[in-house]
Number of protein chains: 2
Amino acid sequence: MARSRQETMEENRVKLIAAGRKAFAEKGYAAASMDELTADVGLTRGALYHNFGDKRGLLAAVVTEIDGEMAARAKQIASSAGDPWQCMLAEGSAYIEMALDPEVQRIVLLDGPSVLGDPSKWPSQNSCLQATKRSVEQLLAEGVLKPVDAEAAARLLSGAALNAALWVAASDDPKVVLPKAIDAFKTLTSGLLADR
Amino acid sequence: MARSRQETMEENRVKLIAAGRKAFAEKGYAAASMDELTADVGLTRGALYHNFGDKRGLLAAVVTEIDGEMAARAKQIASSAGDPWQCMLAEGSAYIEMALDPEVQRIVLLDGPSVLGDPSKWPSQNSCLQATKRSVEQLLAEGVLKPVDAEAAARLLSGAALNAALWVAASDDPKVVLPKAIDAFKTLTSGLLADR
DNA sequence: AAGTTGACATACGTTCCGTATTTCATTATC
DNA sequence: GATAATGAAATACGGAACGTATGTCAACTT
């Protein structure tokens, strides 16, 4: 059947990243065994170290993938709102809800920063952060917001949202706590609105 | 000289925690060797595992200590401001500045959540979080804030502040970025203020 | 003063990561 | 179309670290 070399390599990369998502999410980065992980997809550590350099490299690839998916989802949600301001609030709420996913929490919010350092230094450039930064910049240009540094504001909003999600997920009754978090987030965010 | 048993044990605990702060801050949790760490203070792993159970136990003790120091410092700073509202802003700014300390960042903000889970579940109960929660409750009682869930608000503020600090520290020029972060934080926080 | 406790040391087994070497299919060359 | 070269992945190896299980000796008890 003559599978080309590039094809199989790409397939292996995909398989390893998928296995990484599963193992890192279920066991956490430190406890995830690269021997098990690679064996699960019919490979050995040789393939892993050839493709990703080391264990961190695989985590970086996994984080980049998840981060991209989150940003895409947020963009989609935001695009369905008319008012640019409502649009931003929806984006923030979306991040809180997405961060309730155990996979996102364990990999992106907990282990990611610990292993890869602060998100602003990630190779993926953290798509989520850049997306909210662009939203802020647009609102600034329209004069909807008080004059603030766009990057600082984006970072604060992102931190607040993702951190709130961790709190919600760790709470005894997420279903009842989530609305409180979203409500408080919207209230807090209104501080950026220019006085009318 | 008859050193009592409790005395030496307490001394050893103190020595191990101090060594833990140093090693965890300098090398990160994962790379910190318990053999080296204990040898540095003239002990062996036996003492460590007897006193703290495992490596995580030592980290928990270290985090509790640092968290306590941060909360105490914040309380002191906040007490020197007159207006309760200014008091809270000062508290938030203080957290941002304290989180610039590499020790705080590496141990409490990066490795802490990864190894011990979300701060709201920490044994120390996260003194910092509780402190800001109390501040919020007080302001709520005085009618200074819009009606919001105190815990949610505290969590959002804490997340925003500490996350901002990570961003500032990772930036190329912290000295010029820090004021932006604090300014944006104050602007954002004003969203909680009741309409006058 | 003898027995007991328990804090700590020591020895050991297991696991896991990263590298160095090897293999062999695929691609390129003649 | 046969042979040489490339490189993706396998395998073998070394080293380090964690946690446990056992031993030991000083400090406390009665």
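All values below were derived from every heavy atom in this structure, side-chain atoms included, with hydrogens, water molecules and symmetry-related copies excluded. Residue numbers start from 1 in every chain, and the chains themselves are labelled A, B, ... in the order their sequence lines are given, proteins ahead of strands.
With sequence neighbours excluded, no residue satisfies side chain to side chain donor-acceptor pair (under 3.5 Å) with Lys15(A). By the salt bridge (charged side-chain N to carboxylate O under 4.0 Å, His left out) test, Glu26(A) pairs with no residue at all, sequence neighbours left out. Scanning for side chain to side chain donor-acceptor pair (under 3.5 Å) contacts around Gln138(A) gives Glu142(A), with sequence neighbours left out. Every salt bridge (charged side-chain N to carboxylate O under 4.0 Å, His left out) that Glu151(B) has, sequence neighbours left out, goes to Lys133(B). By the salt bridge (charged side-chain N to carboxylate O under 4.0 Å, His left out) test, Glu69(B) pairs with Arg21(B), sequence neighbours left out.
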Short heteroatom pairs, N/O only, protein and nucleotides 5-9 of chain D, under 3.5 Å:
residue : atom : partner  : partner atom : Å
dT6(D)  : O2   : Arg5(A)  : NH1          : 3.4
dG7(D)  : O4'  : Arg5(A)  : NH2          : 3.4
dG7(D)  : N3   : Arg5(A)  : NH2          : 2.8
dA8(D)  : OP2  : His50(A) : NE2          : 2.6
dA8(D)  : O5'  : His50(A) : NE2          : 3.4
dA9(D)  : OP1  : Asn12(A) : ND2          : 2.4
dA9(D)  : OP2  : Asn51(A) : ND2          : 3.1

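One interatomic measurement links the two molecules: CG of Leu37(B) to P of dA9(C), which rounds to 13 Å at whole-angstrom precision. When the C1' atom of dC17(C) is taken as reference, atom CD of Glu36(A) falls 14 Å away, rounded to whole Å. Rounded to a whole Å, the CZ atom of Arg13(B) is 15 Å from the C1' atom of dC8(C). One interatomic measurement links the two molecules: CG of Leu48(B) to C1' of dA9(C), which rounds to 13 Å at whole-angstrom precision. Rounding to whole angstrom units, OH of residue Tyr49(A) and P of dC13(D) are separated by 18 Å. Computed from coordinates, the Leu58(B) CG to dC18(D) P distance equals 11 Å when rounded to whole Å. Put simply, CZ on Arg45(A) is 10 Å from P on dC16(C), counting in whole angstrom units. Counting to the nearest Å, the P atom of dA11(C) and the CG atom of Asp35(B) are 13 Å from each other.
Annotation for Lys146(A): atom NZ counts as buried by contact number, over 12 foreign heavy atoms lying within 6.0 Å.
Each side-chain hydrogen bond (donor to acceptor under 3.5 Å, both in side chains) pair with one or both residues in residues 45-56 of chain A, not counting sequence neighbours, appears once here: Asp35(A)-Arg45(A). Sorted by first and then second residue, the side-chain hydrogen bond (donor to acceptor under 3.5 Å, both in side chains) pairs involving residues 71-96 of chain A (not counting sequence neighbours) are Glu91(A)-Ser135(A). Residues in residues 163-190 of chain B take part in these salt bridge (charged side-chain N to carboxylate O under 4.0 Å, His left out) pairs, two or more places apart or across chains: Asp149(A)-Lys180(B).
When the local axes at the two ends of the helix from dA1(C)-dT30(D) to dC30(C)-dG1(D) are compared, using 5 base pairs at each end, they differ in direction by 10° after rounding to 10°.
Two residues are said to be in side-chain contact when any heavy atoms from C-beta on lie closer than 4.5 Å; Leu178(B) and Ile96(B) meet this criterion.
Counting non-hydrogen atoms under 4.0 angstrom, Ala32(A) reaches the backbone sugars and phosphates but no base.
Positionally, the nearest nucleotide of DNA chain D for Lys55(B) lies more toward the 5' end than for the other of Lys55(B) and Gln6(B).
Listed by residue number, the members of residues 21-31 of chain A with any heavy atom below 4.0 angstrom from DNA chain D form an empty set.
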Would you tabulate the side-chain donor-acceptor contacts of residues 106-113 of chain A under 3.5 Å, counting partners in other chains and residues two or more places apart, or write 'none'?
residue   : atom : partner   : partner atom : Å
Arg106(A) : NE   : Asp111(A) : OD2          : 3.2
Arg106(A) : NH2  : Asp111(A) : OD1          : 2.9
Arg106(A) : NH2  : Ser114(B) : O            : 2.7
Asp111(A) : OD1  : Ser114(B) : OG           : 2.7
Asp111(A) : OD2  : Tyr29(A)  : N            : 2.8

